[in-house]
Amino acid sequence: MAGQSTSGHEHYYVPEQSKLAIFAAFGLFLSVYGAARVINHAHYHADEPSSAGFLLLAGLAVFIGTLFAWFRTTINENRAGMNSAQLKHSYVLGMQWFIFSEVMFFLAFFGALFYVRVLAGPWLASMGDKSMNHLIWEGFKFQWPLMQTPQQAVGLAKQYMANNGTFSGPHENLSFPGFSKMFHWLPLWNTIILLSSSFTVHLAHSGIKANNRGQLKFWLGVTVALGLSFVFLQYREYHEAFTELGLTLHSGIYGSTFFMLTGFHGFHVIMGATILLVQFLRATVAGHFSDADQFGFEAASWYWHFVDVVWVGLFLFVYIL
Amino acid sequence: MGEHHHGPAKGLTRWLYTTNHKDIGTLYLWFSFAMFILGGSFAMIIRAELFQPGLQLVHPEFFNQMTTMHGLVMVFGAIMPAFVGLANWMIPMMIGAPDMALPRMNNLSFWILPFAFAMLASTLFMQGGAPNFGWTFYAPLSTTYAPPSVTFFIFAIHIMGASSIMGSINIIATVVNLRAPGMTYMKMPLFVWTWFITAFLLVAVMPVLAGAVTMMLMDIHFGTSFFSAAGGGDPVLFQHVFWFFGHPEVYILILPGFGVVSQIIPTFARKPLFGYASMVYATASIAFLSFIVWAHHMYTVGLPVAGELFFMYATLLIAVPTGVKVFNWITTMFKGSMTFETPMLFSIAFVFLFTVGGLSGVMLAMAPVDFQYQDTYFVVAHFHYTMVAGAIFSLTAATYYWLPKWTGRMYSETMGKTHFWLSFFAFNLTFFPQHFVGLAGMPRRIPDYALQFADFNMVSSIGAFFYGSSQILFLFNVIRTIRSGRPITDPKVWEGAQGLEWTVATPAPYHTFTTPPEVK
């Protein structure tokens with residue numbers, strides 16, 4: 001079929017058939033089914049042997065393998081010139097609204113954090129409107145970061161509410177330690193690393209725009225390295241939190257919000273760094289991208305900037321304020 | 001693979017590997033009908049148990065599983081996928097596009113659903129039973145006191161959400177990028193507009209639902225305390241996060257239905273839609289307001305008075321754009337040359353009955369009186385007037401309206417009208433009495449009730465059995481049409497129909513608008 005139709009419009013490429021989707025759907029299903037089996041097994045039948053872990057791994061293998069084939073297919077189609085400008089714009093829109101949906105995902109956790117810090121926490125300590133809670137949580141004082149949970153305040157033996165776990169606050173928190181100690185404070189270094197990586201990925205972008213492949217490769221490599229350093233420091237911070245500060249998932253709402261927000265962010269950094277690494281390999285090994293067409297790289301860099309912006313929110317609302 | 005440029009592939013792999021928007025639309029529609037039957041059979045069990053006071057058929061634990069699964073399957077399995085099916089079939093044909101913008105991802109969006117619902121349905125057979133905490137899965141019922149199957153429920157919600165997000169990104173990309181030359185935004189058919197706005201709602205709130213179930217998963221299995229006051233969290237936090245998703249969600253379920261009746265009423269009134277631009281603005285206003293009214297589901301949970309007032313006034317505001325819509329549909333019919341084919345009957349019933357549901361919504365919106373209505377059958381009556389007479393009636397209308405275009409065959413009008421009158425009568429028989437028992441204080445989600453509610457509940461159950469069985473007639477009519485309906489070839493099908501989808505051949509060819517049409 002001709003690329004140009006008679007009315008002067010470019011042909012919009014619609015693949016006739018594709019096995020990718022059904023394999024991806026099956027892989028996704030097997031992954032989550034396996035994950036649910038693994039989690040339930042650990043919770044309810046931890047002493048029995050289980051094959052659930054195999055299901056999870058098989059599912060992940062199918063899913064990741066299919067995604068690999070999928071991206072290879074789209075890249076090859078684009079390089080074979082099958083994508084009109086209009087089709088390329090569909091990919092742009094797809095990526096933009098995907099990132100928007102990710103923003104909304106983080107908003108749920110930021111919303112939970114704000115709700116607890118501004119409303120629910122003070123109410124639980126009978127401040128403001130809700131003056132009856134001291135009858136249940138006698139002696140509970142609200143502060144942020146929450147170092148003593150309501151359960152600790154009344155004592156586990158005297159807890160009137162249904163007991164759905166043991167929650168004990170950390171000995172120490174990870175908030176801003178003051179200017180004198182701030183250079184020993186990992187979040188500051190992580191902020192510096194991530195903000196500069198946004199800058200370096202921009203330098204890589206300017207490089208390919210100017211058709212300077214050396215600049216692209218160098219700064220893209222630096223960005224990936226910075227991303228991995230961030231992950232390493234985050235690991236160090238978690239290690240310190242668990243072993244030295246007593247800050248775990250069981251530490252009450254401070255630990256819950258802290259680990260879910262930084263954990264999902266860290267997961268997104270790993271994803272983003274992996275995506276950038278793929279772009280780095282495409283640029284160096286496969287020789288992809290030109291000054292006119294570098295959408296795979298651009299989409300990866302948008303994702304990276306998004307991860308960076310989320311971190312700024314985290315740095316402000318989880319660590320500093 | 002490249003050999004089949006102009007027709008579908010043969011056999012099962014056609015459906016597994018397809019990238020064609022019409023194939024995928026068909027898959028969505030059949031899947032959602034299967035879920036409609038499944039969710040409907042759960043409803044039949046509920047109504048059979050409630051036929052008389054006392055416990056007779058099922059255990060209370062199983063009754064709770066039925067109310068939960070009925071809601072989940074109908075919302076996520078029947079109504080949402082059915083509208084996505086219509087979007088797949090109609091949006092490309094209505095805006096002159098060759099297909100959806102991202103055809104392979106389109107297929108992935110669909111094929112996630114059968115897996116997700118198989119996983120959800122399998123919880124019925126698990127130890128401890130299926131989820132039993134209501135479709136709104138409030139903590140701590142869904143966390144501390146949940147059956148083990150809740151983990152599978154959580155992951156099913158996760159992948160359904162992924163499917164919805166991909167589906168709506170596809171619709172946004174299609175509408176923004178693939179409109180034919182001259183098809184400006186303000187020339188788009190209303191069905192496209194309402195879906196376009198719905199897609200934004202979906203991209204915005206499905207991730208929040210994912211966040212809610214993730215917090216549940218962490219609370220249940222990994223020791224966090226989002227919804228546990230003992231750790232400094234708050235069970236009410238769950239309700240805030242859930243309804244921040246849930247209120248836009250209920251508009252996700254109805255806005256495309258607004259679009260459907262806005263297509264059908266002008267056709268059979270033989271007049272252009274009255275107030276097109278105001279319809280677009282009203283839809284956008286409703287969508288915007290849906291983000292700032294969520295706590296009207298939570299008046300009795302102990303919100304500060306300022307919160308109650310804010311959410312009450314914001315909710316009452318929604319009556320304004322909704323009123324604009326109802327006014328426009330009625331005015332479109334005013335002095336029109338009306339005929340009453342089956343799609344039109346369902347659409348008129350939609351306008352009439354959805355308005356009833358809207359007005360009971362205004363009652364529920366008022367915080368002081370909601371203290372009486374909260375968690376009663378009045379709420380059940382209200383949302384079934386919007387979900388059944390709203391969403392399901394508009395889906396039924398859409399099926400009759402576009403079925404001849406899809407299949408090239410005419411359905412039986414006699415059977416269609418019989419289906420309509422049975423549905424209309426049975427629907428009101430089922431749900432109208434629930435207003436009364438609700439106002440008199442009968443709580444929802446219980447298998448037994450006080451004796452004074454017996455008569456109305458029996459009426460309600462009889463209506464429900466009628467409504468359920470008359471849908472078999474619908475299924476029969478559709479299958480009969482596909483197999484042996486009267487062939488038609490007129491591209492327009494309906495005398496008064498307007499729009500690009502009526503310019504292509506009947507039945508619609510496998511590929512339409514590979515060259516975009518010129519829209520004047």
Closest non-hydrogen atom pair, [X] against [Y]:
| X | Y | value |
| --- | --- | --- |
| B:G231 | A:L146 | O-CD2, 3.9 Å |
| A:W137 | B:A230 | CH2-CA, 3.6 Å |
| A:W70 | B:M105 | CZ2-N, 3.8 Å |
| A:Q17 | B:A9 | NE2-CB, 3.3 Å |
| B:R104 | A:L20 | CD-CD1, 4.0 Å |
| A:S18 | B:N107 | O-ND2, 4.4 Å |

Side-chain contact, heavy-atom cut-off 4.5 Å: [X] with [Y]?
| X | Y | value |
| --- | --- | --- |
| B:Y17 | A:E16 | no |
| A:V32 | B:M119 | yes |
| B:F226 | A:T257 | yes |
| B:M218 | A:L249 | yes |
| B:T514 | A:Y12 | no |
| A:F259 | B:T224 | no |
| B:F115 | A:F26 | yes |
| A:L107 | B:P207 | no |

For [X], is it the side chain, the backbone, both or neither that has a heavy atom under 4.5 Å from a heavy atom of chain A?
| X | answer |
| --- | --- |
| B:P148 | both |
| B:F244 | side chain |
| B:L16 | both |
| B:Y145 | side chain |
| B:H158 | neither |
| B:I154 | neither |

TODO: Look up atom CD1 in A:I22 and atom CD1 in B:I112, then write down how far apart they are to the nearest 0.5 Å.
DONE: 10.0 Å

- [ ] Output the distance between atom CG (B:L209) and atom CE (A:M104), rounded to the nearest 0.5 Å.
- [x] 12.0 Å

Task: Under 3.5 Å donor-acceptor, B:T19 side chain and A:P15 backbone - done: yes

Open item on the list: Looking at B:D234 and A:V116, would you say the former's side chain and the latter's main chain have a donor-acceptor pair under 3.5 Å?
Closed with: no

With a 4.5 Å cut-off on heavy-atom pairs, point out which of [options] contacts chain B the most.
| options | answer |
| --- | --- |
| A:Q148, A:R37, A:H43 | A:H43 |
| A:A21, A:G255, A:A25, A:S256 | A:S256 |
| A:A108, A:S168, A:P150 | A:P150 |
| A:L28, A:L87, A:T166, A:V103 | A:L28 |
| A:L119, A:T149, A:L30, A:N40 | A:N40 |

Does [atom1] belonging to [X] count more than 12 external heavy atoms closer than 6.0 Å?
| X | atom1 | value |
| --- | --- | --- |
| B:Q127 | CD | no |
| A:F267 | CZ | no |
| A:E138 | CD | no |
| A:K141 | NZ | no |
| A:F23 | CZ | no |
| A:F114 | CZ | yes |

Where does [X] contact chain B at under 4.5 Å (heavy atoms): side chain, backbone, both or neither?
| X | answer |
| --- | --- |
| A:A35 | both |
| A:Q86 | both |
| A:Y115 | side chain |
| A:Y33 | both |

Chain A contacts, top residue of [options] (heavy-atom pairs, under 4.5 Å):
| options | answer |
| --- | --- |
| B:A204, B:A210, B:G233 | B:A204 |
| B:N177, B:L108, B:T151, B:I220 | B:N177 |
| B:I159, B:V241, B:L113 | B:I159 |

Task: Sorted by number, residues from residues 92-102 of chain A in contact with chain B (heavy atoms, under 4.5 Å) - done: A:L93, A:G94, A:W97, A:F98, A:F100, A:S101

